[in-house]
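As a basis for the values below, the full set of heavy atoms in this structure was taken, side chains included, without hydrogen atoms, waters or symmetry mates. Bear in mind that the values here come from a model prediction, so they are computed numbers and not experimental data. Just so it is clear: chains get the letters A, B, ... in the order the sequence lines come, proteins before strands, and each one is counted from 1.
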Amino acid sequence: MNISLLLQMAADAGAERTGLVCDGRRWTYGELLRAAQGAAATISATGRSHIALLDESSEAAPIALFGAALAGIPYVPLNYRLADADLAALLERIAPACIIGDVERVERLNPEAGHDCARREDFVASAEVSAATASGEEQEGEGIAVQIFTSGTTAAPKAAILRHSNLLGYILGTVEFCAAAEDDAQLVCVPPYHIAGISALLSSIYAMRRIVMLPAFDPDKWLELVAAERVTNAFVVPTMLARIIERIDAGATADLSSLQAIAYGGGRMPMELIERALHLFPNTNFTNAYGLTETSSTIALLGPQEHRQAHSSDDPSIRARLGSVGQPLPTVEIEIRDEDGQVLPTGQRGEVYVRGEQVSGEYRGRSALDADGWFPTRDAGWMDDGGYLFLTGRADDVIVRGGENISPGEIEDVLMAHPSVAEAVAVGVPSTEWGEAVGIAIVVRPGHETPGEEELRKLIRDRLRSSRVPEQIAVLGELPYNEMGKLLRRQVRELFNNN
Amino acid sequence: MKPGTRLKSTVCDTEVMVIRGTDGAVECGGAPMAEERPAAAGVLSPDFSEGSQMGKRYVDEGGAVELLCVKPGKGSLAVDGVALRTKDAKALPSSD
């Protein structure tokens, strides 16, 4: 199996159809396939073991992704936002590689590793030249299509591996070939090193939905591109949606009438934000997608009708589903288990486990799957009686106070119900009496008075129980997030540790 | 038949990729499929001439066999003489 099949089929069905628009250049599926074949020939000739991209999104991303697939070596998109020392460590781990993008940085950080570097435009130009003589044959290699370093918010980055069989399982199981209308266009603005950046390319190409690439997210450019390219579909992370809505509120105008569907994921969506978006875009279909790098992207989704139903329902349990990540895909199984691996009944909090063809659960040198193929996601959550999955945080974020497990999510939900609290996070803080105790940090809503510590403690004591009452309370101007909108709990914990 | 194997019709343009394997004979247009196309095409059986559709997945009754049509043709797909049917999956909203 080889993911290059997806591009080959698109090129067979519509060689002259536009498949990608980036920086004013339009690429047909035929041109993309030929460039990928050319890139494969170039890559194979270097004899390198990986092909890495250290760059913003551009046509080089799909050309390298499919070129690597044809050449039978892993494609490794690297996070160009990493600090020098962190990036240097990753470059060392994939040496010697073909690296596309920031040549100067690679030569400065990892000069002796034998990397074969090319600037984006040189890589693309050389792929197009080599295309004329390339065989177009696919190499099997180790069967690994993509290697993504996890963000490492809790530990050193892990090299997650996605095999051709995982990615093909995901695409063939969720996307109908050539389902898009000729005018459909998908705006891709997530960075290329994120799993959503990879799955956006694969899904769009197989559905034959024209990719409109925004090299790096900017809300004004996003609005401009939607209007200019008559974009029909887009994927955003919650922080991007917040910034787009901010611009609209500030008076930015753009013709968004073409926008049929917005999918979002990659981090917790604040209830207020999605409600605002549903109100602001009454004719747009919203889909919430939950997935992980190790699962080849989406494993559960909350569809457009469910969004509107929940938004307009008076039933609190239906309304609450707007805060869920929806139901598992028909092609995967999801279970909630306790610490001993026992399956928990409906409504109980535990760890989310998932199984399916698209689930790799594999890192360089080891697999995290259990004997029956289940992957422990380390995400904590529960399911309601309709099979809707609610996430409550990372399993590693559980606070253990005197042997009692406390999920930060339950405390945060209570705090968020306070009218003056805009954002809230609960973490474990060192406690001489309990080993670990609860610490909370809140951000106060603009124009509101800061609630007193006793008031917050009473709120939690009344709604939960005394073990949940925070020992330490901090009021912050903002909470720390990474660029994908992921809350950096480790930084909040460090804040308490340093006090 | 190993997943990932590409098979070509010997009587029409159809080409498939094996998603789930089978020990049985994969046929198209009434004739066994092969990894290489023969020099001269065979004759399409009128009993297996409803055609194959690009991008459709074809399965047997038990779901043990699954083929993806990667090139369409005039022949229809079968395993050991039993016609395969298209797998109809629930359409999902785009989540990428």
Side-chain angles (χ1 to χ4, degrees), chain A residues 1-2 5 8-9 12-13 140 143 164-165 168-180 184 186 188 190 195-204 206-209 232-233 235 260-261 263-265 285-291 297-298 300-305 326 329-331 357, chain B residues 1-9 12-23 26 28 33-37 50-77 79 84-96:
Chain A
M1 292 202 179
N2 195 300
L5 175 74
Q8 273 164 13
M9 287 173 70
D12 279 348
E140 202 164 328
H164 289 276
S165 54
L168 276 180
Y170 172 63
I171 297 298
L172 299 179
T174 60
V175 183
E176 190 71 19
F177 176 67
C178 195
D184 282 3
Q186 166 94 26
V188 176
V190 283
I195 180 60
I198 306 269
S199 59
L201 298 180
L202 299 176
S203 293
S204 303
Y206 196 59
M208 294 187 75
R209 185 176 290 120
T232 53
N233 298 64
F235 177 92
Q260 297 167 8
Y264 62 90
N285 289 326
F286 283 87
T287 298
N288 182 3
Y290 162 56
S297 189
T298 310
L301 59 83
L302 186 76
Q305 282 175 341
L329 295 184
T331 43
E357 275 176 48
Chain B
M1 201 70 69
K2 204 175 131 210
T5 306
R6 300 273 279 265
L7 294 172
K8 294 171 176 145
S9 173
C12 71
D13 295 331
T14 301
E15 208 174 309
V16 299
M17 187 187 77
V18 176
I19 295 178
R20 235 176 297 282
T22 168
D23 295 330
V26 179
C28 176
M33 298 183 84
E35 293 195 31
E36 295 302 328
R37 234 178 257 289
E50 281 168 30
S52 59
Q53 273 179 285
M54 181 146 182
K56 289 285 178 204
R57 287 176 293 162
Y58 291 84
V59 290
D60 63 353
E61 275 310 313
V65 182
E66 187 170 337
L67 309 172
L68 171 72
C69 175
V70 300
K71 275 200 175 72
K74 289 181 177 152
S76 39
L77 296 160
V79 169
L84 301 180
R85 57 174 177 83
T86 56
K87 180 174 180 173
D88 299 312
K90 185 181 146 201
L92 294 169
S94 170
S95 64
D96 299 309

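Of the atoms belonging to A200(A), heavy atoms from both backbone and side chain fall under 4.5 Å from chain B. Contacts of M54(B) with chain A are made by both backbone and side-chain atoms, with heavy-atom separations under 4.5 Å. L172(A) touches chain B through backbone and side chain together, each having a heavy atom under 4.5 Å away. In this structure, no portion of I195(A) lies under 4.5 Å from any heavy atom of chain B. Only the side chain of T287(A) comes within contact range of chain B, with at least one heavy atom under 4.5 Å from a heavy atom of that chain. Interface remark: K87(B) contributes no atoms to any contact with chain A (heavy atom separation under 4.5 Å). Of the two parts of Y170(A), only the side chain, counted from C-beta on, holds a non-hydrogen atom closer than 4.5 Å to a non-hydrogen atom of chain B.
Here the side chain of R6(B) pairs no donor or acceptor atom with the backbone of M1(A) at under 3.5 angstrom.
Within the model, atoms CE of M9(A) and CE of M17(B) stand 8.5 Å from one another, a figure rounded to the nearest 0.5 Å.
Within the 4.5 Å cutoff, the side chain of L92(B) has heavy atoms near those of the P330(A) side chain. Counting heavy atoms from C-beta outward, P93(B) and N285(A) have side chains that stay 4.5 Å or more apart. Side-chain contact between L168(A) and L68(B): absent, with no pair of heavy atoms (C-beta onward) separated by less than 4.5 Å.
Between K56(B) and E176(A) a salt bridge is recorded (basic side-chain N to carboxylate O distance below 4.0 Å).
Of the listed residues (G4(B), S95(B), S94(B)), the greatest number of heavy-atom pairs within a distance under 4.5 Å of chain A belongs to S95(B).
Judged by distance alone, the side chains of D96(B) and S297(A) do bring a donor and an acceptor atom under 3.5 Å apart.
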